[in-house]
Amino acid sequence: MPGSRSDTCATDGASEGHEALPEDAFHDLAVIGAGPAGLAGAVTAAELGLSVVMVDAARQPGGQFYRHPAAATRATRPEALHHDWPTFTDLRDRLRTGGVTCLFDHHVWTVTRKAEDDWTVHALTGDVDGVCEPGDGQRSTRVRARAVLLATGSYERQLPFPGWTLPGVVGAGGAQAMLKSGLVLPGRRVVVAGSGPLLLAVAASLVTAGAEVPELVEASSYFGYAHHPRAVAAQPHKLTEGAHHAKALLRHRVRPRTRHAVTEAHGTDRVEAVTVARLDDAWRPVPGTERRIDCDAVAVGHGLIPQIDLATGLGCATRRTADGAYALALSPLQETSLRGLWSAGETSGVGGAQQAMVEGELAALAVTFRLTGRRPAPLSRLRSLRRRRDRMNAFADAMTATHAPRRGWTRWLTDETDVCRCEEVPAGRIREAVTEYGARDARSAKLLTRAGMGWCQGRVCGWAVSCLATPAPAAPPEEPPSTAPDRRPLATPVPLGALADLPDPAAPLAPADPAAPLNPADPTDPAAPLGPADLASPLDPANPADPADLLDPTEPAAPLDPANPAAPLDPANPADPADLLDPTEPAAPLGPADPAAPLDPADPLDSANPAGPFGPASPLDPVGPAAPEPRLLPPDPHLPSPAPHPPPHHLPPHPTEGQPS
Amino acid sequence: MNSPLNSPSKPTELVGAAPDPPFTITFDGRRLDALPGQSIAAVLWSAGILSWRTTRGGGRPRGAFCGIGQCYDCLATVNGRPNRRACLVTASPGDTVTTQEGNGHAGFEE
């Protein structure tokens with residue numbers, strides 16, 4: 001039957017499959033995401049003795065990177081479409097033997113906390129593959145744990161162009177995902193376009209699987225890496241991986257064409273050809289350089305955006321990456337600004353599978369220390385992981401900066417080009433919201449035009465809308481659009497019944513504010529301190545398992561992490577993983593938390609919040625009500641002003657005009 | 001029906017797939033071969049079908065875009081139920097898939 005959940009992790013080598021957890025089973029660690037970061041974190045923690053539950057929306061482990069055909073296809077060479085497959089099978093085997101409880105086909109929609117060591121992960125299972133209809137047989141599941149490791153990865157950034165809604169134009173990652181799991185191609189002759197190293201992998205996969213790739217169009221120049229020689233030289237495995245893809249591309253005579261972009265797709269009911277044009281430094285198409293290339297599919301993507309909605313919903317601090325995307329700000333040991341919530345992989349910046357696995361292991365060591373007081377042995381492993389992570393971070397920053405979208409790309413949009421695919425909002429309407437109604441940020445543009453209010457909640461068009469809505473006439477072309485991180489209180493559409501089932505309806509909808517003072521007088525306060533019932537918590541210094549005697553009292557205090565405002569180090573708590581840091585080391589590699597980061601705990605029930613679950617944009621309502629009143633939100637005192645607001649008469653006639661040549 | 005786009009089925013050969021024999025699903029009355037384990041979107045792609053939805057506003061054709069359940073562009077009506085993400089639904093023998101028009105409620109009483 002549809003939605004069959006027969007491909008459990010049991011068939012794929014892991015443990016318990018879809019067995020429902022006993023209500024209120026309490027695990028040490030809940031890992032959200034079964035990609036490289038989540039897998040590495042889960043197996044490491046389980047092997048160190050923690051009880052671990054891993055939750056993922058897919059039906060088998062691997063995430064997007066190690067996505068592979070369902071067991072029912074009985075693929076004997078799943079490695080044919082993968083680089084570094086043995087690393088995955090090793091993790092998968094350890095997942096099985098390590099006793100990790102696997103909950104696949106579980107779609108996490110929110111995470112709540114009662115205390116810093118009492119978390120609940122809320123997931124839906126059953127027929128969650130569509131936009132929910134009442135009575136669809138979905139079941140909600142709650143997983144309680146003393147710590148949470150968020151490893152939700154990233155999704156693809158899309159920059160629209162005329163014709164990009166034609167069937168046959170697909171995400172570059174989407175084409176690869178459909179190939180890796182479904183063993184299908186979108187066409188015979190596939191133009192691969194966009195920016196970022198993922199394109200090399202996608203093109204290599206496509207040609208290996210029998211497609212022709214007439215052009216691999218990269219908007220950036222690879223010379224960008226030359227600005228970061230040390231970061232590049234420290235990552236030999238990246239060069240190996242690049243060589244692996246280059247070999248496949250060379251064999252099939254695919255040559256990357258840099259500083260070019262697909263600026264239009266042609267066709268009536270499906271794509272038949274594309275226009276490729278040369279770009280200047282600001283990614284503006286150079287007139288007269290257009291060429292037409294026949295094709296029956298286009299695989300397009302402009303890098304990856306961290307998927308952090310579960311964390312921003314809780315109020316976690318964020319930072320901006322070199323391309324202007326928002327990622328989680330983490331402590332040197334992978335903890336978010338909320339004590340007890342950890343993160344690994346692309347949620348803290350896009351750096352690839354190797355980096356994700358290193359971070360997953362690092363996070364698991366730190367979580368284990370926090371919960372058990374046992375120092376990782378040998379400690380040199382932890383130091384080595386941190387060094388590798390920092391080197392990989394440096395490379396990831398170089399990569400992100402090299403391929404960052406430049407603001408001139410909006411020049412290839414016509415006013416008729418749909419930017420928001422769900423709500424069919426053309427660029428002209430967003431430009432009108434800016435020039436006629438004074439929108440200066442994505443949220444105002446969204447209210448005025450419905451862009452980003454549809455099913456996908458702005459995941460596909462969000463970046464583009466930000467670029468159009470925050471014109472920066474005087475800004476350099478590499479300046480990212482000024483915006484705030486997306487706030488989606490619910491990470492996946494949920495039926496109202498699941499919301500109503502929450503034990504404390506206020507809990508998930510009032511994101512924990514790391515800065516908020518706790519109110520000990522209010523026993524219903526979800527952020528209230530531990531009560532007497534919690535005395536058994538190992539976080540309690542009175543706990544007999546307290547490893548205080550393991551520490552040298554003369555040891556200097558661990559350095560405070562400025563990026564981690566919610567984790568003031570508690571000298572009474574000897575199991576603070578910050579103790580694992582060498583106090584003589586320089587400060588954390590991450591900068592101080594982005595001042596824009598701490599999210600206001602805006603009540604999503606507020607009718608002024610269009611993205612709220614009950615607002616007009618609710619994905620629960622596939623019909624969609626009438627367009628909202630064309631009014632602007634009052635300025636949100638908790639958020640920094642997204643951009644200086646020049647008086648309207650100073651506006652250029654067109655948001656893309658006036659940029660430096 | 002054999003796949004016009006992917007025939008011979010190079011990707012399945014590449015990974016050495018040896019599934020049970022294909023079964024049949026229908027799309028707008030047309031019979032399509034499906035491999036066990038494939039999503040409905042994958043079955044449609046392998047038959048060269050790239051669109052199975054028309055948009056609410058412009059009535060424009062759409063199909064799978066992100067391939068991982070993020071974009072909701074691949075919504076289809078499966079066994080009479082609208083708004084199902086074809087890239088996430090595993091095909092089962094006898095499934096009836098129909099092009100979804102608009103919000104998926106065409107013909108339903110409001």
Side-chain angles (χ1 to χ4, degrees), chain A residues 1-4 7 57 59 64 69-78 80-81 127 129-131 133 136 155-156 165-171 173-179 181-188 208-210 269-270 296-297 421-424 454-456 459-460 619 622-624, chain B residues 3 5-6 8-20 35-46 48 50-51 55-58 60-73 75-76 78-79 81-92 95 103-105 110:
Chain A
M1 59 179 294
S4 156
D7 296 332
R59 293 187 169 86
Q64 300 308 331
T73 62
R74 300 210 186 112
T76 54
R77 292 187 301 274
L81 286 168
D127 288 342
D129 38 36
V131 175
E133 312 258 313
D136 266 352
Y155 58 93
E156 199 156 37
T165 54
L166 281 171
V169 179
V170 300
Q176 197 183 33
M178 292 280 287
L179 174 57
S181 62
L183 303 173
V184 288
L185 296 164
R188 285 181 190 282
T208 304
D269 285 334
R270 57 178 295 166
D296 55 9
R421 298 172 70 96
C422 301
E423 294 292 316
E424 297 172 85
W455 285 307
C456 88
R459 284 179 178 85
V460 178
V623 181
Chain B
S3 137
L5 264 183
N6 299 314
S9 188
K10 182 80 189 290
T12 49
E13 286 170 19
L14 182 70
V15 301
D20 288 338
L35 292 182
Q38 277 185 321
S39 67
I40 282 176
V43 174
L44 294 168
W45 271 24
S46 68
L50 292 178
S51 67
T55 60
R56 297 186 304 236
R60 303 297 303 156
R62 295 280 177 86
F65 182 71
C66 79
I68 61 169
Q70 288 270 0
C71 77
Y72 296 81
D73 241 345
L75 297 179
V78 180
N79 299 327
R81 276 183 50 201
N83 293 324
R84 306 207 69 201
R85 283 179 277 178
C87 75
L88 296 187
V89 183
T90 304
S92 300
D95 277 348
N103 58 28
H105 291 272
E110 287 299 325

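Below, read A as the first sequence line, B as the second, and so on, with proteins coming before strands; counting in each chain starts at 1. All figures in this text were calculated on a predicted structure; none of them were measured in a lab.
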### Message
Please give me the minimum heavy-atom distance between B/K10 and A/T208, naming the atom from each residue.
### Response
NZ-O, 3.5 Å
### Task
Please check if the side chain of A/R421 supplies one atom and the backbone of B/C71 the other of a donor-acceptor pair under 3.5 Å.
no
#### Entry: Distance in Å, A/L166 CG paired with B/L50 CG, rounded so as to fall on 0.5 Å steps
10.5 Å
### Task
Pick one of side chain, backbone, both or neither for A/R459, based on which atoms fall under 4.5 Å of a heavy atom in chain B.
side chain
### Task
Find the one option among B/P61, B/A76, B/G63 whose heavy-atom pairs under 4.5 Å with chain A are most numerous.
B/P61
#### Entry: Heavy-atom pair with the smallest gap, counting every atom of A/W455 and B/N83
CZ2-OD1, 4.0 Å
### Task
Side chain from CB out, backbone as N, CA, C, O: work out which of these in B/C66 comes under 4.5 Å of a heavy atom of chain A, or both, or neither.
backbone
### Task
Side chain from CB out, backbone as N, CA, C, O: work out which of these in B/A91 comes under 4.5 Å of a heavy atom of chain A, or both, or neither.
neither
### Query
Is the shortest heavy-atom distance from the side chain of B/L14 to the side chain of A/L81 under 4.5 Å?
yes
### Query
Should B/Q70 and A/V460 count as side-chain neighbours, where that means a heavy-atom distance under 4.5 Å?
no
### Summary
Applying a strict 4.5 Å limit to non-hydrogen atoms, the region of A/E424 in contact with chain B is side chain
### Query
Where is the tightest heavy-atom contact between B/F65 and A/V169, given as atom of each residue plus distance?
CD1-O, 3.3 Å
### Query
So, the side chain of A/T76 versus the backbone of B/G16: is there a donor-acceptor pair under 3.5 Å, distance only?
yes
### Spacing of A/R59 atom CZ and B/L88 atom CG [to the nearest 0.5 Å]
7.5 Å
### Choice from A/G171, A/A209, A/G173, A/G182 maximising heavy atom contacts with chain B below 4.5 Å
A/A209
### Message
Within this structure, what is the OG1-CZ distance for the pair B/T12 and A/R74, rounded to the nearest 0.5 Å?
### Response
14.5 Å
### Query
Given a strict heavy-atom distance threshold of 4.5 Å, which part of A/Q64 is in contact with chain B: side chain, backbone, both, or neither?
side chain
### Message
Which heavy atom of A/V184 sits nearest to which heavy atom of B/S46, and what is that distance?
### Response
CG1-CB, 3.4 Å
### Query
Could you give the distance from OG1 (A/T73) to CD (B/Q38), rounded to the nearest 0.5 Å?
8.5 Å
#### Entry: For the student: nearest non-hydrogen atoms of B/S51 and A/P167, plus distance
CB-CG, 3.6 Å
